[in-house]
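The structure under discussion appears below in the form of structure tokens.
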There are 2 protein chains.
Amino acid sequence: MVVTIGDVARAAGVSRSTASYALSGKRAISAEVRQRVNDAVRSLGYTANAGARALATSETKVIGLLAQFLEDEFAPAMLQYMLGVSDTARELGYDILLATEADGARALRRITDSRMVDGVVLLNVAQEDDRLDILRDAPQPGALVGLPGDCSELDVFDLDFEEAGRMMVDHMHALGHRELILVSQPQHVVERGGAYVWRLQDAALEQARVRGITLHAMYGESRQPAVGQTLNDLLDAYPGATGLLLNNEAAAAALPSVLHTRGLTVPKDLSVIGRYSDEFARLFSLPFSSIESAPDRLGRMAVRQLVRRIESPEGRNEPYVVRFVSPELVDRGSTGVPGPSRADT
Amino acid sequence: MVVTIGDVARAAGVSRSTASYALSGKRAISAEVRQRVNDAVRSLGYTANAGARALATSETKVIGLLAQFLEDEFAPAMLQYMLGVSDTARELGYDILLATEADGARALRRITDSRMVDGVVLLNVAQEDDRLDILRDAPQPGALVGLPGDCSELDVFDLDFEEAGRMMVDHMHALGHRELILVSQPQHVVERGGAYVWRLQDAALEQARVRGITLHAMYGESRQPAVGQTLNDLLDAYPGATGLLLNNEAAAAALPSVLHTRGLTVPKDLSVIGRYSDEFARLFSLPFSSIESAPDRLGRMAVRQLVRRIESPEGRNEPYVVRFVSPELVDRGSTGVPGPSRADT
DNA sequence: CTGAAAGCGCTTACAG
DNA sequence: CTGAAAGCGCTTACAG
């Protein structure tokens with residue numbers, strides 16, 4: 001019922017090894033034999049058994065993708081990283097084994113120990129991430145999206161969140177703003193080790209100090225309507241603030257209706273700049289300029305590096321890389337020179 | 001370097017077959033030997049090679065998941081189906097091979113022909129879906145989420161969109177509404193074979209006829225701000241309409257700001273009912289009552305049936321099922337008795 | 001209760 | 001340019 005390379009060989013009148021070589025091209029084969037083998041493959045509908053090939057070659061042509069859907073984090077953002085990884089893997093000839101279970105360390109151990117994959121990509125890496133020690137001990141290479149506290153023996157890719165924080169502040173400062181509010185992810189995310197939150201925030205605070213301007217940094221909620229309330233409270237608490245920085249998807253999504261309710265116009269009454277992906281902005285139809293978080297680019301870079309390490313013999317021993325993507329500001333017209341302070345109106 | 005069952009056997013002082021049986025429990029093993037084998041496994045850190053096991057048993061313990069991210073469709077909705085499938089598969093002992101490429105038929109053929117999976121779940125199935133013939137010819141069973149035109153030899157799971165359409169109309173009718181607007185997905189989705197769109201719409205139209213009320217059925221855009229404009233146009237065009245039915249995520253997401261701009265209050269000025277998942281409502285903080293689309297339940301049902309077919313010997317020949325999930329209305333308070341028609345104000 | 005051996009379907013040195 | 005054979009790491013009849 002199931003056709004094997006033996007069937008192909010028989011149909012082509014050659015040995016199994018010749019059939020195999022004809023298909024792999026790993027040694028010279030006469031044009032005629034190659035033709036007969038290819039014909040046999042076609043007429044029998046042969047495809048190599050992946051498990052058998054993996055056993056013989058120690059290559060699965062599968063990459064493990066470890067996603068983490070954490071509470072208080074924005075699931076659709078994760079999807080974009082996943083698609084970046086998946087698309088790039090396919091281009092490079094790999095399939096994706098997806099693990100979404102809560103216990104990422106266990107999943108990682110399972111798929112690496114059993115040799116189901118040639119390498120793995122970890123998404124949403126935390127400051128202290130219990131998957132990392134397992135990855136370091138694994139026989140397969142791995143690539144991270146997200147910067148952990150300890151990058152030793154790891155290839156790491158992440159947005160340069162510190163630069164993003166500075167860029168937000170500088171952009172506003174250049175326009176003339178002197179008092180800003182930054183709404184970060186919920187504190188819970190920070191406590192869990194979401195380093196990108198404090199990397200952006202700390203850098204923004206430092207840059208505000210350097211520029212001599214005021215920055216009120218706050219943790220926002222992760223859900224509406226609570227996050228909308230937070231935004232309202234902050235706008236009440238700091239009437240002198242003329243600019244709003246958002247490192248919090250839920251806050252960005254909630255802001256339009258908050259502005260509407262308060263009768264505020266962007267950028268006339270308030271300048272706004274966010275940090276999220278272009279796709280996210282499209283999805284939520286957000287009219288705010290933003291630092292593009294480029295999940296597709298990061299996923300792509302991680303897979304490229306991973307495949308390099310998997311496939312090149314030297315790759316395994318090349319020095320490890322920690323690569324930061326420079327933030328890019330997508331101008332959607334939501335920032336401008338500060339108008340009269342809201343405090344004065 | 002890599003530890004095999006031979007190493008375990010040697011360390012335990014038994015044969016490889018005994019080691020294997022001790023681990024699988026497929027034949028009686030003395031307590032002492034079992035102990036020695038388990039100790040060896042632990043001290044050596046043994047995990048069976050998945051490819052070798054698959055080759056020997058013809059079981060991969062992997063389920064293929066074919067997602068389709070189509071233009072004009074709402075990607076985060078797809079994610080919820082994926083997570084339902086992935087979580088249930090893991091509970092049942094299966095890993096997920098994820099294929100997201102545009103050419104789903106090719107992906108399906110690749111993973112089934114090469115025996116990478118024991119079965120496959122197809123998401124977002126269209127009326128005429130070129131993956132179905134490939135699935136029918138595949139040696140592995142499959143389960144669909146989404147109702148195709150031809151269900152023969154297939155297990156199919158879907159929301160009962162016709163009942164959903166009737167339910168929306170009846171709910172409004174019972175409250176006293178006599179003129180309604182239905183905004184469906186974009187026409188493009190219909191042309192591509194997104195049967196759920198016309199299943200809901202046709203049933204809603206028929207039910208409106210039965211009830212003797214007016215229903216204006218329209219295709220909406222898939223993106224803001226276009227979809228917001230459509231909503232505005234419709235509200236202008238049908239001032240007598242007192243209820244709005246939404247089978248279009250983008251429209252649901254856009255509606256709050258449209259209502260806000262027009263100064264309409266729900267349900268006083270307009271009753272609204274949507275069709276989307278609870279998770280979607282949470283994500284977008286939508287205050288509208290809705291027919292729950294239950295992606296997690298559907299993913300779970302599909303995997304359960306698939307695994308039943310994979311694992312039980314009779315399962316392979318059990319009659320095929322087409323199962324519709326009954327819609328449930330989640331009341332978020334956005335419908336009520338019609339106020340004075342907007343036309344009169 | 002345990003072991004020796006065959007076999008799953010490939011690939012790849014080894015020989016010619 | 002091609003073939004016979006070994007081997008990848010498992011599982012499972014077959015024998016005892």
Side-chain angles (χ1 to χ4, degrees), chain A residues 1-38 40-41 44-62 110 112-118 139-140 313, chain B residues 1-38 40-41 44-62 110 112-118 139-140 313:
Chain A
M1 169 175 173
V2 48
V3 29
T4 74
I5 199 161
D7 301 321
V8 171
R10 193 172 323 115
V14 298
S15 70
R16 297 194 305 151
S17 58
T18 298
S20 176
Y21 281 120
L23 292 173
S24 70
K26 287 192 182 166
R27 80 177 178 191
I29 297 283
S30 71
E32 192 219 329
V33 164
R34 188 175 328 123
Q35 184 61 49
R36 290 211 311 268
V37 170
N38 285 335
V41 164
L44 296 175
Y46 169 75
T47 305
N49 179 302
R53 174 172 285 167
L55 185 57
T57 62
S58 301
E59 285 180 3
T60 64
K61 289 291 175 182
V62 175
R110 183 180 66 250
T112 53
D113 279 358
S114 64
R115 301 300 216 275
M116 300 179 89
V117 298
D118 293 338
Q140 301 96 334
Chain B
M1 166 174 174
V2 48
V3 27
T4 74
I5 197 161
D7 300 322
V8 171
R10 194 173 320 116
V14 298
S15 72
R16 296 193 306 152
S17 57
T18 298
S20 177
Y21 282 119
L23 292 173
S24 70
K26 287 191 182 167
R27 79 177 180 194
I29 296 283
S30 70
E32 193 219 328
V33 164
R34 190 177 324 126
Q35 184 61 50
R36 290 213 309 270
V37 169
N38 284 334
V41 165
L44 296 175
Y46 169 76
T47 304
N49 179 302
R53 173 171 285 168
L55 185 56
T57 62
S58 301
E59 285 180 4
T60 63
K61 289 293 175 180
V62 175
R110 182 179 68 249
T112 54
D113 280 357
S114 64
R115 302 299 216 275
M116 299 179 90
V117 298
D118 294 338
Q140 301 96 333

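Excluded from the calculations below are hydrogen atoms, water molecules and symmetry mates; all remaining heavy atoms, backbone and side chain alike, are included. A, B, ... follow the sequence lines: proteins, then strands. Residue 1 opens every chain. These numbers were taken from a predicted model, which means no experiment stands behind them.
Counting to the nearest Å, the C1' atom of C/dT11 and the CG atom of A/Leu23 are 12 Å from each other. With rounding to whole Å, A/Asn49 atom CG is found 16 Å from D/dC10 atom P. In this structure, A/Arg34 places its CZ atom 9 Å from P of D/dC1, rounding to the nearest Å. Between the P atom of C/dT2 and the CZ atom of B/Arg36 lies a distance of 8 Å, rounded to the nearest Å. Between B/Gln35 atom CD and C/dC1 atom P there is a gap of 16 Å when expressed in whole angstrom units. The NZ-P distance, from B/Lys61 to D/dT11, rounds to 13 Å in whole Å. Regarding B/Arg53, its CZ atom lies at a distance of 19 Å from the C1' atom of C/dC10, rounded to whole Å. Going from atom CZ of B/Arg10 over to atom C1' of D/dG9 covers 13 Å, rounded to whole Å.
Residues meeting the side-chain contact (heavy atoms from CB on, under 4.5 Å) test with B/Ala22, sequence neighbours left out: B/Ile29, B/Val37. Listed by chain and residue number, A/Thr57, A/Lys61, A/Asp118 satisfy the side-chain contact (heavy atoms from CB on, under 4.5 Å) test with A/Glu59 (two or more places apart in sequence, or in another chain). Residues passing the salt bridge (charged side-chain N to carboxylate O under 4.0 Å, His left out) test with B/Arg10 are B/Asp7, sequence neighbours excluded.
One finds a side-chain N or O of A/Lys26 lying less than 4.0 angstrom from the OP1 or OP2 phosphate oxygen of C/dT12. Checking the phosphate oxygens (OP1, OP2) of D/dT11, a side-chain nitrogen or oxygen of B/Ser20 falls inside 4.0 Å.
The minimum heavy-atom distance linking A/Leu44 with A/Ala11 is given by the pair CD1-CB, 4.0 Å. Nearest heavy atoms, B/Val14 versus B/Ala19: CG2-N, 4.1 Å. B/Val62 and B/Met116 get closest at one heavy-atom pair: CB-O, 3.7 Å.
Here the nucleotide nearest the side chain of A/Val2, chosen from C/dC10, D/dT11, C/dG9, is C/dG9.
Within the structure, salt bridge (Lys or Arg N to Asp or Glu O under 4.0 Å) pairs that include any residue of residues 45-54 of chain B do not occur (at least two apart or interchain).
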Q: With pairs defined as Watson-Crick or G-U wobble and both distances under 3.5 angstrom, please note down DNA chain C as a dot-bracket string, | for pairing with another strand.
A: |||.||||||||.|||
Check the interface with nucleotides 4-8 of chain D: list each N/O to N/O pair with the protein under 3.5 Å, or write none.
unit_1	atom_1	unit_2	atom_2	d
D/dA4	N6	A/Ser17	OG	2.9

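B/Arg27 has its side chain within reach of B/Thr18: a pair of non-hydrogen atoms, C-beta onward, lies under 4.5 Å apart. A/Leu23 has its side chain within reach of A/Asn38: a pair of non-hydrogen atoms, C-beta onward, lies under 4.5 Å apart.
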